[in-house]
Amino acid sequence: MPDEKHTYQIREEPPIPSYEEATSSSQSPYSSRRGPQEASDDAERQTLLGHDLPGPSNGQPNSRRRNGYYHPPSVQSVDEDDDDDDSGLGSPVGADEEAALRETMEEMEILDPESAEEGRSRRNRSRGRFSKRFYSITNSLSSFHLPRIKWPESPNAFFASICSKLPTIPEEYRPGWAVIARLCGLILIVALVYLLVVSEVVPMGGGFNAGFEPERVRRFARDSVDSRQIEEYLRYVTSYDHVAGTEGSYMLGRYIEEKFAEAHMDTYTHDEYFVYLNYPKAGGRRVAIVEPKDKVWEAKLEEGDVYTPPRAQTQTFHGLSASGNVTGPLIYVNYGHKKDFKTLWDSGIDVQGAVVLMRYYGSQEDRAMKVRAAQDAGVAGVIMYSDPGEDGFKKGKVWPDGRWRPEDSVQRGSVALSNMVLGDVLTPGRPSTIDQKRMSKDKNAALPTIPSIPISWSDAKKLLQSLKGIGEEIAPEGNFEHWIGAVPDVGEKWWSGHPEKSPKVNLRNEQEEVEKQRITNVFGSIRGSEDKAKKIIVGNHRDSWCFGAADPGSGTAVMLEVARVLGELRMQGWRPLRTIEFASWDAEEYNMIGSTEHVEANMEEIRANAIAYLNVGVGVTGNKLWANGSPIFKNAWTRVLGAMADTDRNATLQELWEKEHGGEIGGLGVDGDYAAFQDLAGCSSLDFGFSGPEHGDLAHSCYATFEWMTKYVDPGFKYHVMLAQIWVLVILELAQAPIMPLKIEDYAARLQEEGQKLIEWTETKGSDYDIGMFQPLADALANVGNKAQEFGQWETKWYNEIYATGGFETQGLTVQRVSYNAKMSSFDSDLLDLQRGNINGEGEHGLPGRHQFKHVIFGPSAFDASDKNYVFPFIRDAIEQKALGKTKNWELAEKQIKKTAEIINRAADKLLH
């Protein structure tokens with residue numbers, strides 16, 4: 001069977017791997033592991049993705065090279081006049097090659113058939129033709145011109161020509177010419193008014209999108225979500241793998257841009273950055289028992305072929321892992337938590353110089369923190385596997401088919417420390433433009449220094465079996481309680497291994513490291529009618545470790561359906577009051593790179609005008625709704641859930657939310673594209689989706705396919721539809737309501753609760769502190785509660801005024817309302833630790849040692865990146881340092897309490913000024 005795993009061969013030029021070089025070993029012209037038949041397939045696929053082919057005579061690459069994996073792109077807008085320009089993202093091929101590319105992709109069922117049929121003319125037609133409501137007429141009176149009509153020489157002749165077409169009317173009943181003239185004039189006026197209204201030159205009615213009653217808009221949006229559309233989106237999204245920075249991600253970006261255009265976006269555009277990424281070298285990875293000779297064995301490493309016939313699949317590796325070739329005794333370290341290493345040390349097991357085997361998830365969920373704990377313990381290399389017990393499988397049970405992780409399934413993922421540096425690890429705090437100054441990879445706070453590699457539980461089984469009888473016996477109780485997983489055939493007793501008696505394992509992880517890999521974000525927007533500058537940003541990342549049916553495919557498919565539904569509303573003349581911007585991020589899987597670089601490049605604009613960021617990464621893996629975000633969204637979130645029901649569970653979503661989550665939105669971590677918006681820019685963020693039982697989502701495995709999703713996870717796409725409905729309704733709550741349903745009172749109440757939790761948590765860190773040091777924070781929380789309540793009273797007055805005047809809003813009241821909304825939307829950004837008078841916050845501001853993170857309420861823990869409840873990060877970091885003995889007293893904690901209190905007070909005071 002042909003080898004379909006990617007080899008990721010990187011060259012100096014182009015700096016970005018072609019799809020074949022970067023993602024397919026069997027289909028790479030540079031791979032030695034092919035048969036004669038595969039060569040022709042290679043040629044077809046190389047043409048498909050537009051990369052230069054080897055010369056026909058000598059097999060050497062052509063001398064003609066392209067810059068990266070596509071020509072330099074140009075920003076494209078549906079408002080631009082050049083109908084011949086279809087540059088879009090910038091094509092990696094010429095016009096003739098692109099036509100052949102599309103035809104070939106359609107034949108292989110990779111390209112969306114509709115896209116292949118219409119090709120580049122779709123954009124021109126979408127901009128040039130009249131829609132059913134004259135959509136293509138511009139929104140500016142100055143550019144609106146009626147066609148010239150040749151009038152007859154006399155009005156009488158004109159009217160006579162009209163009347164000659166009418167039925168004969170007896171003379172006594174015929175109206176006079178004056179009446180006819182008035183009637184015809186009225187008809188012309190009505191026709192002209194209709195033309196102006198539907199073309200949006202003149203809005204219909206007055207007030208807040210009058211003619212589009214908000215409840216009817218919500219109902220239309222909710223009822224217009226189509227499961228078949230979502231299914232087709234997901235079918236295409238999962239038809240090939242799309243690792244960040246490769247042509248797979250590029251081609252998917254073009255598809256998404258086309259869908260934004262079809263959704264009648266006012267603009268669709270993109271930006272690009274050049275970032276540090278890594279890819280495995282061909283033949284550069286190995287996990288093998290090399291001693292003793294009677295136990296010699298080598299791991300398979302790769303997953304089996306998911307499709308028949310096989311499709312290209314991504315190799316198994318860790319993003320941003322360290323290169324290395326190490327050999328050492330094998331030791332099992334459970335979940336790789338620092339407490340697990342202490343347990344081994346206390347039992348006389350020294351892991352220094354060892355190659356350790358650990359499980360995903362558990363007491364340390366963040367894979368990067370696992371590697372860091374091992375690194376700090378002196379480990380030489382890390383092997384990580386997904387234990388079936390973490391996916392819900394229990395020993396002694398029959399293994400279920402399909403729904404759970406197969407024995408050769410491997411979980412890829414990044415091992416960069418996102419809590420230390422977010423985005424491109426070489427340019428923290430600055431956008432990764434081509435000429436941006438970069439820091440060294442050496443001693444980088446976010447990068448590991450020891451190699452790591454993921455394997456399947458089938459390979460892990462061999463390693464665990466090789467430890468039988470060696471080291472400490474692992475029992476269900478005592479020091480090694482909860483160390484036993486559910487891997488079959490290991491035995492009732494597991495063993496830790498021993499530095500002197502364990503088998504020797506060789507771990508080789510050789511990576512191609514590219515400092516300036518091109519990545520691309522794609523955007524589409526619907527302009528607001530009242531406040532164009534203010535915007536609601538709707539985001540999902542598109543890059544995946546393989547086919548990505550759940551992560552991020554389900555979220556991508558749902559986002560495209562939300563865009564389509566809002567496009568249908570636009571076609572009917574509706575506009576939101578505030579701009580809605582859709583974003584498809586690249587390179588999220590490595591370290592939230594695409595979104596972070598965009599935020600860093602547009603920091604001032606986002607802090608000033610972004611109302612909210614609504615993120616869906618992993619859309620659907622089950623039927624349990626979850627949401628994490630700023631407390632400011634509680635009211636809007638509850639309103640949306642109250643309007644929806646889960647018929648399978650015979651309850652409204654709000655009832656289920658109250659029962660399962662106590663009505664509260666969860667805390668934010670640092671594992672999604674929301675992180676840069678909330679923690680760096682201070683844009684109120686919300687992250688949500690539907691999750692499944694345990695971890696049974698085949699995370700980051702090539703087994704997460706379209707067929708797996710449709711058969712096991714969400715047959716009928718019921719929860720995809722429900723997620724799209726929730727998403728579009730939240731957008732409408734923020735975009736079309738005259739007063740946004742954001743509540744500072746909810747935020748203040750949550751801060752009061754978190755303040756109490758902070759004090760209780762501090763008591764677990766030491767008893768020698770003075771409770772009085774929290775007084776400034778307590779006063780600030782009381783102050784923001786009072787100011788929030790007073791602030792919210794204006795909303796009541798506004799509704800009373802509008803009700804009393806029959807819905808009429810004076811110009812002065814409009815100005816006040818717009819200002820009120822602006823104050824609500826800027827509350828989170830007012831909670832940033834910035835240098836006064838400098839919105840970019842230069843200087844020693846932000847978390848000490850991690851200056852990117854500037855929000856005093858939300859930020860990642862320096863000690864546990866997976867902690868989503870790390871509220872008041874400045875204070876908690878200082879208290880952790882005292883507890884660990886890194887500071888002699890509580891002086892730093894007191895300083896951070898005062899700083900946090902000052903910033904909260906300043907944000908509260910701005911509400912009323």
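- One finds a salt bridge joining Lys634 and Glu664 here, because a Lys/Arg side-chain nitrogen approaches an Asp/Glu carboxylate oxygen to under 4.0 Å.
- Between Ile731 atom CD1 and Ile726 atom CD1 the span is 12.0 Å, to the nearest 0.5 Å.
- The aromatic rings of Phe677 and Trp585 are tilted relative to each other, their planes meeting at an angle between 30° and 60°.
- Nearest heavy atoms, Lys823 versus Leu912: NZ-C, 4.1 Å.
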message: side chain to side chain donor-acceptor pair (under 3.5 Å), that's the test. Do His270 and Asn521 meet it? Break it down for me.
response: CA-CA 5 Å; His270 66 276; Asn521 302 319; over 6 Å; no

- prompt: Hey, mind stepping through Gln775 and Asp779 against side chain to side chain donor-acceptor pair (under 3.5 Å) and telling me if it holds?
  reply: CA-CA 6 Å; Gln775 191 60 49; Asp779 292 341; 2.8 Å; yes

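- Between Ser684 and Asp828, the shortest heavy-atom distance links the atoms OG-OD2, 2.5 Å.
- In Gln789, the CD atom is not crowded: 12 or fewer heavy atoms of neighbouring residues, nucleotides or ligands sit closer than 6.0 Å.
- Under a 3.5 Å cut-off, the side chain of Gln736 and the backbone N or O of Leu577 do not form any donor-acceptor pair.
- Summarising the geometry, atom NE2 belonging to His855 is positioned 11.5 Å from atom CG belonging to Leu847; distances are rounded to the nearest 0.5 Å.
- Not one N or O on the side chain of Arg218 forms a donor-acceptor pair closer than 3.5 Å with the backbone of Val640.
- Checking each of Arg906, Lys910, Arg607 against Asp830 for a side chain to side chain donor-acceptor pair (under 3.5 Å) leaves exactly one that passes, namely Lys910.
- Closest heavy-atom contact between Asp746 and Pro631: CB-O, 3.7 Å.
- A donor-acceptor pair is defined here as one N or O able to donate and one able to accept, closer than 3.5 Å; no such pair exists between the side chain of Ser826 and the backbone of Ser829.
- A salt bridge links Glu733 and Arg639; the closest N-O separation between the charged side-chain nitrogens and carboxylate oxygens is under 4.0 Å.
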query: Hey, mind stepping through Met265 and Ser525 against side-chain contact (heavy atoms from CB on, under 4.5 Å) and telling me if it holds?
result: CA-CA 5 Å; Met265 299 286 182; Ser525 67; 5.6 Å; no

task: Go through the steps for Glu809 and Arg817 under the test salt bridge (Lys or Arg N to Asp or Glu O under 4.0 Å), then give the verdict.
output: CA-CA 10 Å; Glu809 184 182 53; Arg817 176 175 55 80; 2.7 Å; yes

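- In this structure, the side chains of Glu561 and Asp226 come closer than 4.5 Å at one or more pairs of heavy atoms.
- Under the 4.5 Å side-chain criterion, counting only non-hydrogen atoms from C-beta, Tyr674 is not in contact with Leu686.
- With a 4.5 Å cut-off on side-chain heavy atoms, Val538 and Ile580 count as touching.
- Remark: aromatic rings of Phe858 and Phe853 are distant, center separation not under 6.0 Å.
- Within the 3.5 Å criterion, the main-chain N or O of His541 finds no donor-acceptor partner in the side chain of Glu588.
- No side-chain heavy atom of Val565 sits under 4.5 Å from any side-chain heavy atom of Val562.
- Within the 4.5 Å cutoff, no side-chain heavy atoms of Val871 are placed close to those of Lys757.
- In this structure, the side chain of Ser630 does not engage the main chain of Ser685 through any donor-acceptor pair within 3.5 Å.
- For the pair Asn540/Asn615, no side-chain contact is recorded, criterion being any heavy-atom separation below 4.5 Å from C-beta on.
- Electrostatic pairing of Asp909 and Lys787 counts as a salt bridge here, judged by a charged N lying under 4.0 Å from a carboxylate O.
- Shown here for Ala908 and Phe827, the closest heavy-atom pair between the two residues is N-CE1, 4.4 Å.
- Here Lys899 pairs with Asp833 in a salt bridge; the nearest charged N to carboxylate O distance falls below 4.0 Å.
- Heavy-atom minimum distance, Ala748 versus Ala788: CB-CB, 4.2 Å.
- Ring geometry for Phe582 against Phe260 counts as tilted: the plane angle lies between 30° and 60°, on a 0 to 90° scale.
- Taking CD of Glu754 as the start and CG of Asn869 as the end, the distance is 7.0 Å to the nearest 0.5 Å.
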task: May I have the step-by-step check of ring pair (Phe, Tyr, Trp, His ring centres under 6.0 Å) for Phe690 and His720, ending in yes or no?
output: CA-CA 9 Å; Phe690 283 93; His720 283 77; 9.2 Å; no

field: Verdict with reasoning, Phe688 to Leu723, per side-chain contact (heavy atoms from CB on, under 4.5 Å)
entry: CA-CA 9 Å; Phe688 54 96; Leu723 181 59; 3.8 Å; yes

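- In this structure, the side chain of Arg578 engages the main chain of Ala737 through a donor-acceptor pair within 3.5 Å.
- Atoms CD1 and CD1, from Ile875 and Ile897 in turn, are 5.0 Å apart once rounded to the nearest 0.5 Å.
- Proximity of Thr638 to Asn635: side-chain heavy atoms (C-beta onward) are nowhere separated by under 4.5 Å.
- In this structure, the side chain of Glu581 does not engage the main chain of Lys535 through any donor-acceptor pair within 3.5 Å.
- Rounding to the nearest 0.5 Å gives a distance of 11.0 Å between CG of Leu781 and CG of Asn786.
- Using a 4.5 Å heavy-atom cutoff, the side chains of Tyr820 and Gln816 are not in contact.
- Distance alone, capped at 3.5 Å, places no donor-acceptor pair between the Asn628 side chain and the Lys868 backbone.
- Of the possible donor and acceptor atoms, one in the side chain of Thr805 sits under 3.5 Å from a partner among the backbone N and O of Ile802.
- From Arg430, atom CZ reaches atom CD of Gln852 across 9.5 Å, with rounding to the nearest 0.5 Å.
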- request: Give the C-alpha distance, both sets of side-chain angles, the deciding distance and a yes or no for side chain to side chain donor-acceptor pair (under 3.5 Å) between Tyr613 and Asp687.
  value: CA-CA 9 Å; Tyr613 175 67; Asp687 186 35; over 6 Å; no

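- With a 6.0 Å radius and a threshold of 12 heavy atoms from other residues, nucleotides or ligands, Glu215 has its CD atom above the threshold.
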- prompt: Does the pair Lys743 and Glu795 meet the rule for a salt bridge (Lys or Arg N to Asp or Glu O under 4.0 Å), with working shown?
  reply: CA-CA 10 Å; Lys743 296 291 184 183; Glu795 184 173 345; 3.3 Å; yes

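- A donor-acceptor pair under 3.5 Å is formed between the side chain of Thr579 and the backbone N or O of Lys532.
- Between Glu745 and Arg750, no side-chain nitrogen of the basic residue sits less than 4.0 Å from a carboxylate oxygen of the acidic one, so the salt-bridge criterion is not met.
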task: Kindly determine whether His851 and His845 satisfy side-chain contact (heavy atoms from CB on, under 4.5 Å), including the steps that lead there.
output: CA-CA 6 Å; His851 299 301; His845 293 267; over 6 Å; no

task: Could you walk me through whether Met722 and Met644 pass the side-chain contact (heavy atoms from CB on, under 4.5 Å) test, one step at a time?
output: CA-CA 8 Å; Met722 198 176 299; Met644 297 188 61; 3.6 Å; yes

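- Outside the 6.0 Å centre-distance limit, the rings of Phe220 and Trp574 are not counted as a close aromatic pair.
- The two residues Gly555 and Val616 come nearest to each other via the heavy atoms CA-CG1, 3.8 Å.
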